[in-house]
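Structure first, then comments.
Side chains included, hydrogens not; waters and symmetry mates left out as well; all remaining heavy atoms used.
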Amino acid sequence: MDRWDRDVQRHFNEDLEELIIEMEKGEVCILNAIQWVQENLVKYKVDQKKNVAQVVPVVKSKESNKFTRLWIHSHHIYSKFKRRDILDWSGDMKLTGFSLPGKPGIVCVEGRTSDAEEFWNRLRRLNWKKISCKHREDYPFPVDGWNPATLEEKRMGPCFSGFEELNLAARGFGTGRDYHMDFGLFKKFLEERGLTDIFKVLLGVEGKPSS
């Protein structure tokens, strides 16, 4: 096997990991994985050549003095590599928000516009079944001493004190491909932060009233 660069090796590892996670229980994982590698190996050799030939630029906004909140929806987030990147990048860029792994996968980041956009540019270049930025909020960057009196005012600045990976699993569901979020808990999580309308934006349903 030719020596791959780090990005291609990582791409291969992520795809193989997700293949194994999504296999039906009782399948012979090793044989299926070997067959998948044999059928897909040439694709990663092509990716290697593309990586050598070109560098993808990061699109940044000139509005670096503004505050932006991005709401990102993915078909699923299972990969430990992607989950680690999300945590690392948000920390490096001093962004707040959360990630919610499972199916579907949700990520929210907030901070300076240029940092939020760079995070999204990095994230979407990873290998995904489907991912999109469902909603974007832009506000003037909060001044020092900003002290909102209501949830509506608080939304114009940071709604989160840090960045964390949430665990809102529905009862009876575990980890990996069996992980599904509890929609009621997620709706309550958003309500407590004055973000109730985002539930429908992300998931397309109103959700049951939380108790």
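With rounding to the nearest 0.5 Å, the separation of CZ in Phe160 from CD in Glu164 is 8.5 Å. Residue Leu202 holds its CG atom at 7.5 Å from CG of Leu190, rounded to the nearest 0.5 Å. Rounding to the nearest 0.5 Å gives a distance of 8.0 Å between NE2 of His73 and NZ of Lys130. Here the CZ atom belonging to Arg122 is positioned 4.5 Å from the CD atom belonging to Glu118, to the nearest 0.5 angstrom. We find the CG-CD1 distance between Leu126 and Ile131 to be 7.5 Å, quoted to the nearest 0.5 Å. Annotation: the span from Lys66 atom NZ to Arg112 atom CZ amounts to 13.0 Å, rounded to 0.5 Å.
His75 approaches Lys103 most closely through the heavy-atom pair O-CG, 3.4 Å. Heavy atoms only, all atoms of each residue included: Gly157 and Pro142 are closest at CA-CG, 3.9 Å. Of all the heavy atoms in Leu195 and Cys159, the pair that sits closest is CD2-SG, 4.1 Å. Across all non-hydrogen atoms, the minimal contact from Leu185 to Asp182 is N-OD1, 3.0 Å. A pairwise comparison of heavy atoms in Ser74 and Trp128 identifies OG-CE3, 3.3 Å as the closest pair. Shortest non-hydrogen contact noted between Leu151 and Arg193 is CD2-C, 4.1 Å.
Residues passing the side chain to side chain donor-acceptor pair (under 3.5 Å) test with Glu137 are Arg69, Trp71, Tyr139, Arg155, sequence neighbours excluded. For the side-chain contact (heavy atoms from CB on, under 4.5 Å) test, residues two or more places apart in sequence or in another chain that qualify with Thr150 are Glu152, Glu153. For Arg83, the side chain to side chain donor-acceptor pair (under 3.5 Å) partners are Glu165, not counting sequence neighbours.
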If you look only at distance, which donor and acceptor atoms sit under 3.5 Å apart when one is on a side chain in residues 90-99 and the other is two or more places apart or in another chain?
unit_1, atom_1, unit_2, atom_2, d
Ser90, OG, Ile86, O, 3.0
Ser90, OG, Leu87, O, 2.9
Thr96, OG1, Glu110, OE2, 2.7

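Contact annotation: the side chain of Asn167 never approaches that of Leu100 to less than 4.5 Å [non-hydrogen atoms, C-beta and beyond]. Arg136 has its side chain within reach of Thr113: a pair of non-hydrogen atoms, C-beta onward, lies under 4.5 Å apart.
Listed for the Lys154 side chain is no donor-acceptor partner under 3.5 Å among the backbone atoms of Asn147. Of the possible polar contacts, one joining the Asn121 side chain to the Glu117 backbone as a donor-acceptor pair under 3.5 Å is found.
Note: Phe163 and Phe119 have tilted aromatic rings, judged against thresholds of 30 and 60 degrees for the angle between ring planes.
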